[in-house]
Amino acid sequence: MKRNIVLLILGAILLLHSCSEQHSIARRFVKNNRKTVVALYMPERLAKRNLRNDSIPENLADSSLQQQITYLEKQVKVIDKINDDKFLDIIYLTMQSTLKNYGLTVEYWEDENSFPDPTHWVIEIPRIEVTETCDPQQFCGWVKYNKYCMDVPVDLVNVAAWFNIANDTVYNLAFTEQNYFNDTDVTFDIDYHTNKVYSKTYCDTIDIEGFYKFAEILGKLYSGYCYDFMMNKYIDSQQNTPTNAVYRYRYDPYERYFYQTSRDYLIEIKPHETIQE
């Protein structure tokens with residue numbers, strides 16, 4: 001028993017030492033990169049896919065083919081309305097502004113004789129893929145100790161992005177994806193006059209203007225992800241203790257503090273892994 005307690009205490013001491021060491025390295029990284037310049041590149045266009053599988057409602061089953069086509073076209077909320085240049089410009093300008101908050105400057109320093117180094121980074125986004133779908137999502141609630149559920153179609157636009165990031169001669173490939181979707185909620189209640197249960201559905205429909213606002217969120221997110229990716233690479237290269245492959249450090253440049261996360265970061269793609277297109 002005493003031996004187990006001693007081992008637990010030693011484990012806690014080693015963990016605290018490791019965290020303290022990583023914090024110290026992370027602070028050094030932030031200090032050393034206050035004047036770093038970044039060459040930032042966007043893809044020329046978006047890769048877009050419409051994976052909706054909408055069906056014709058019963059009241060239009062006997063309508064003309066053109067009426068059915070018109071109905072299906074109206075169900076598409078975003079994918080066929082995107083202006084690639086506008087979407088990519090929003091991400092670029094937002095990233096440029098956000099990187100400045102991290103102490104970085106977007107500047108095209110590269111030439112045939114220049115290569116990335118610790119204070120000259122390259123952030124390239126070679127591919128952004130936008131996919132629109134509509135999938136049923138189940139909502140459940142309890143009424144008089146009975147559980148009721150119903151399926152509601154939810155419009156969803158997935159944005160997947162691939163990154164090439166470098167601050168030396170080695171380029172690191174990474175990936176992230178986020179969803180823009182309906183804000184949907186379903187509540188259940190009972191009509192005591194008929195004793196029947198009914199549902200109320202709230203849905204804030206997605207649209208192209210909301211998608212462009214979502215691009216601003218992505219620009220801020222991508223900036224933080226890229227900065228934290230390089231910070232964690234630096235921590236891994238400098239620390240004396242083994243790397244924790246699950247938890248990664250993130251830095252908040254506004255409140256100036258560090259925290260750990262188990263999933264909110266860029267996923268590195270190793271050289272032996274393949275990219276599904």
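Because only heavy atoms are used, hydrogens play no part in the values below, and waters and symmetry mates are left out as well, while side chains stay in.
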Query raised in the report: Going through the distances and angles, do Tyr257 and Tyr259 end up as a ring pair (Phe, Tyr, Trp, His ring centres under 6.0 Å)?
Result: CA-CA 7 Å; Tyr257 75 94; Tyr259 61 97; 5.7 Å; yes
Query raised in the report: Among the clusters formed by ILVMFWY side chains lying less than 4.5 Å apart, do Leu93 and Leu104 turn up in the same one?
Result: yes
Query - Cluster check Val152, Val157: I/L/V/M/F/W/Y, side chain < 4.5 angstrom - result: no
For the pair [X] and [Y], name the ring-plane relationship: parallel under 30°, tilted 30 to 60°, perpendicular over 60°.
{"X": "Phe29", "Y": "Tyr234", "answer": "tilted"}
{"X": "Phe175", "Y": "Trp162", "answer": "tilted"}
{"X": "Tyr227", "Y": "Tyr102", "answer": "tilted"}

How about [X] and [Y]: do any of their side-chain heavy atoms sit closer than 4.5 Å?
{"X": "Met231", "Y": "Tyr251", "answer": "yes"}
{"X": "Arg27", "Y": "Phe258", "answer": "yes"}
{"X": "Lys200", "Y": "Val186", "answer": "no"}
{"X": "Ile79", "Y": "Leu51", "answer": "no"}
{"X": "Asp155", "Y": "Arg52", "answer": "yes"}
{"X": "Thr176", "Y": "Tyr265", "answer": "no"}
{"X": "Tyr92", "Y": "Thr94", "answer": "no"}

Report task. Determine, step by step, whether Ile206 and Val78 satisfy the side-chain contact (heavy atoms from CB on, under 4.5 Å) criterion, reporting the C-alpha distance in whole Å, the side-chain angles of both residues, the deciding distance to 0.1 Å, and the verdict. Result -> CA-CA 8 Å; Ile206 62 174; Val78 170; 4.2 Å; yes
Distance (rounded to the nearest 0.5 Å) between [X] [atom1] and [Y] [atom2]:
{"X": "Asn164", "Y": "Arg127", "atom1": "CG", "atom2": "CZ", "result": "13.5 Å"}
{"X": "Thr119", "Y": "Asn167", "atom1": "OG1", "atom2": "CG", "result": "9.5 Å"}
{"X": "Asp183", "Y": "Asp204", "atom1": "CG", "atom2": "CG", "result": "5.5 Å"}
{"X": "Asn50", "Y": "Thr131", "atom1": "CG", "atom2": "OG1", "result": "9.5 Å"}
{"X": "Ser199", "Y": "Phe139", "atom1": "OG", "atom2": "CZ", "result": "11.0 Å"}
{"X": "Met42", "Y": "Ile123", "atom1": "CE", "atom2": "CD1", "result": "8.5 Å"}

Query raised in the report: Any ion pair linking Glu132 and Lys77 (charged N to carboxylate O, less than 4.0 Å)?
Result: no
Query raised in the report: In terms of side-chain geometry, is the basic nitrogen of Arg248 or Asp236 positioned less than 4.0 Å from the acidic oxygen of its partner?
Result: yes
Would you name the heavy atoms of [X] and [Y] that are closest together and state the gap between them?
{"X": "Leu88", "Y": "Pro43", "result": "CD1-O, 3.3 Å"}
{"X": "Asp168", "Y": "Val170", "result": "OD1-N, 2.8 Å"}
{"X": "Gly219", "Y": "Met95", "result": "O-CG, 3.2 Å"}
{"X": "Trp109", "Y": "Ala39", "result": "NE1-N, 3.5 Å"}
{"X": "Ile190", "Y": "Val143", "result": "CB-CG1, 3.9 Å"}
{"X": "Phe188", "Y": "Cys140", "result": "CE1-C, 3.7 Å"}

Query - Positive for ring-ring contact (aromatic ring centres under 6.0 Å, His included) with Phe87, one of Tyr180, Phe211, Phe214 - result: Phe211
Query raised in the report: Taking it one step at a time, do Asp264 and Arg250 satisfy salt bridge (charged side-chain N to carboxylate O under 4.0 Å, His left out)?
Result: CA-CA 9 Å; Asp264 189 24; Arg250 297 212 61 192; 2.9 Å; yes
Query raised in the report: After noting the C-alpha distance and the side-chain angles of Tyr41 and Glu110, does the key distance pass the side chain to side chain donor-acceptor pair (under 3.5 Å) rule?
Result: CA-CA 12 Å; Tyr41 299 99; Glu110 289 184 293; 2.5 Å; yes
Report task. Could you check Ile82, Val159, Asn83 and say which one makes a side-chain contact (heavy atoms from CB on, under 4.5 Å) with Leu46? Result -> Ile82
Query raised in the report: Does the side-chain contact (heavy atoms from CB on, under 4.5 Å) test come out yes or no for Tyr222 and Gln178, once each step is laid out?
Result: CA-CA 11 Å; Tyr222 291 170; Gln178 285 75 34; 3.8 Å; yes
Would you say [atom1] of [X] has more than 12 non-hydrogen atoms from neighbouring residues, nucleotides or ligands within 6.0 angstrom?
{"X": "Gln138", "atom1": "CD", "value": "yes"}
{"X": "Phe181", "atom1": "CZ", "value": "no"}
{"X": "Arg45", "atom1": "CZ", "value": "no"}
{"X": "Lys81", "atom1": "NZ", "value": "yes"}
{"X": "Asn146", "atom1": "CG", "value": "yes"}

Report task. Kindly determine whether Asp80 and Lys48 satisfy salt bridge (charged side-chain N to carboxylate O under 4.0 Å, His left out), including the steps that lead there. Result -> CA-CA 9 Å; Asp80 63 345; Lys48 293 178 283 192; over 6 Å; no
Requested in this report: Start with the C-alpha gap between Ile25 and Glu21, add the side-chain angles, then the distance that decides, and say whether side-chain contact (heavy atoms from CB on, under 4.5 Å) holds.
Outcome: CA-CA 6 Å; Ile25 297 171; Glu21 179 189 12; 4.0 Å; yes
Query raised in the report: Stepwise, does the ring pair (Phe, Tyr, Trp, His ring centres under 6.0 Å) test hold for Phe229 with Tyr249?
Result: CA-CA 9 Å; Phe229 184 89; Tyr249 274 90; over 10 Å; no
**Report entry** Stepwise side-chain contact (heavy atoms from CB on, under 4.5 Å) check, Val154 with Asp135
**Finding:** CA-CA 5 Å; Val154 174; Asp135 295 315; over 6 Å; no
Query raised in the report: Can Asn101 and Tyr254 be said to form a side chain to side chain donor-acceptor pair (under 3.5 Å), step by step?
Result: CA-CA 8 Å; Asn101 294 328; Tyr254 309 101; 3.0 Å; yes
